[in-house]
Amino acid sequence: QVQLVESGGGLVQAGASLRLSCAASGRTFSSYAMGWFRQTPGKEREFVVGITASGSNSDYGDSVKGRFTISRDNAKNTVYLQMNSLKPEDTAVYYCTASDNRQVVRRTSWWKYWGQGTQVTVSS
């Protein structure tokens with residue numbers, strides 16, 4: 001069982017940066033692929049980015065490529081999402097997620113564990 005706790009959300013202006021953190025419980029963090037999804041009211045959860053268990057590969061959604069960066073610190077059981085050049089359309093609840101399949105796949109069903117979400121609001 002893995003528990004995920006996100007932090008770092010908030011209200012910023014367009015063009016600003018935010019860094020989200022996701023702290024994971026458990027002793028096998030390094031064996032999990034980690035990812036971030038986001039969701040706005042009335043819409044399906046959208047894949048943002050994922051990183052493999054080894055940290056050697058990552059996959060970014062097209063809408064955030066070049067602006068967001070995922071990283072992980074296995075010693076701290078934490079994954080980070082650095083978000084730069086934020087746009088109003090990035091406004092959403094951001095969810096941290098983990099998969100014990102080690103690899104990254106964009107579909108929601110791949111991911112087994114979910115955090116409670118953190119709100120990111122970008123004003124124009």
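What you see below is based on every heavy atom in this structure, not just the backbone, and it leaves out hydrogens, waters and symmetry mates.
Side chains of Tyr80 and Arg72 form no contact here, defined as non-hydrogen atoms less than 4.5 Å apart.
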As a quick check of understanding, evaluate side-chain contact (heavy atoms from CB on, under 4.5 Å) for Trp36 and Thr97, giving each step before the final call. CA-CA 6 Å; Trp36 292 91; Thr97 186; over 6 Å; no
Could you walk me through whether Asp59 and Arg106 pass the side-chain contact (heavy atoms from CB on, under 4.5 Å) test, one step at a time? CA-CA 8 Å; Asp59 181 30; Arg106 295 188 177 192; 2.8 Å; yes
Show, in sequence, the C-alpha distance, side-chain angles and deciding distance for Thr78 and Asp73, and conclude whether the side-chain hydrogen bond (donor to acceptor under 3.5 Å, both in side chains) test is met. CA-CA 5 Å; Thr78 302; Asp73 185 338; over 6 Å; no
Checking side-chain contact (heavy atoms from CB on, under 4.5 Å) for the pair Met83/Asp90: CA distance, chi angles, key distance, verdict? CA-CA 9 Å; Met83 304 185 295; Asp90 294 319; over 6 Å; no
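Geometric assessment of Arg45 against the ring of Trp111 yields a negative cation-pi assignment under the 6.0 Å and 45° thresholds. With Tyr32 as the aromatic partner, Arg102 does not meet the cation-pi criteria of under 6.0 angstrom to the ring centre and within 45 degrees of the ring axis.
Annotation for Gln103 and Thr52: closest pair OE1-CG2, 3.6 Å, computed over non-hydrogen atoms. What you find for Gly50 and Val104 is that their closest heavy atoms are C-CG2, 3.5 Å.
Leu11 contributes atom CG, which lies 9.5 Å from atom CD of Gln119 (distance to the nearest 0.5 angstrom). For the atom pair OG1 (Thr28) and CD (Gln1), the distance works out to 10.5 Å, reported to the nearest 0.5 Å. A distance of 11.5 Å separates CD in Glu89 from OG1 in Thr40, rounded to the nearest 0.5 Å. If you take CZ on Arg19 and OG on Ser7, they are separated by 9.0 Å, rounding to the nearest 0.5 Å. The CD1 atom of Ile51 sits 8.5 Å away from atom CG of Asn57, with the distance rounded to the nearest 0.5 Å.
Side-chain contact annotation: Arg38 with Ser63, donor-acceptor N/O pair under 3.5 Å present. Looking only at atom types and distance, the side chain of Ser17 has a donor-acceptor partner in the side chain of Asn84 under 3.5 Å away.
The disulfide bond (SG atoms under 2.5 Å apart) contacts involving residues 40-87 comprise nothing, where partners must be two or more places apart or lie in separate chains. Residue pairs meeting the salt bridge (Lys or Arg N to Asp or Glu O under 4.0 Å) criterion with at least one member in residues 115-124, sequence neighbours excluded, do not occur. Evaluation of the disulfide bond (SG atoms under 2.5 Å apart) test over residues 16-124, restricted to residues two or more places apart or in two chains, returns Cys22-Cys96. Counting only residues at least two apart or in different chains, salt bridge (Lys or Arg N to Asp or Glu O under 4.0 Å) contacts with residues 112-124 comprise Asp100-Lys112.
Residue Lys65 qualifies as enclosed at atom NZ: its count of foreign heavy atoms under 6.0 Å is above 12. Within a 6.0 Å sphere centred on CD of Gln116, other residues, nucleotides and ligands contribute more than 12 heavy atoms.
Leu86 and Val48 fall within a single hydrophobic cluster, where Ile, Leu, Val, Met, Phe, Trp and Tyr side chains are chained together by heavy-atom contacts under 4.5 Å. Hydrophobic cluster membership is shared by Val79 and Val120, with clusters built from Ile, Leu, Val, Met, Phe, Trp and Tyr side chains linked at under 4.5 angstrom. Residues Tyr60 and Met34 share a hydrophobic cluster, clusters being chains of Ile/Leu/Val/Met/Phe/Trp/Tyr side chains in contact below 4.5 Å. At a threshold of 4.5 Å between side-chain heavy atoms, the hydrophobic network of Ile, Leu, Val, Met, Phe, Trp and Tyr places Tyr94 and Leu18 in one connected group. Clustering ILVMFWY residues whenever any of their side-chain heavy atoms sit less than 4.5 angstrom apart, transitively, puts Phe68 in the very cluster that holds Val12.
Asn77 meets the side-chain hydrogen bond (donor to acceptor under 3.5 Å, both in side chains) test with no other residue; sequence neighbours excluded. For Phe47, the ring-ring contact (aromatic ring centres under 6.0 Å, His included) partners are Phe37, not counting sequence neighbours.
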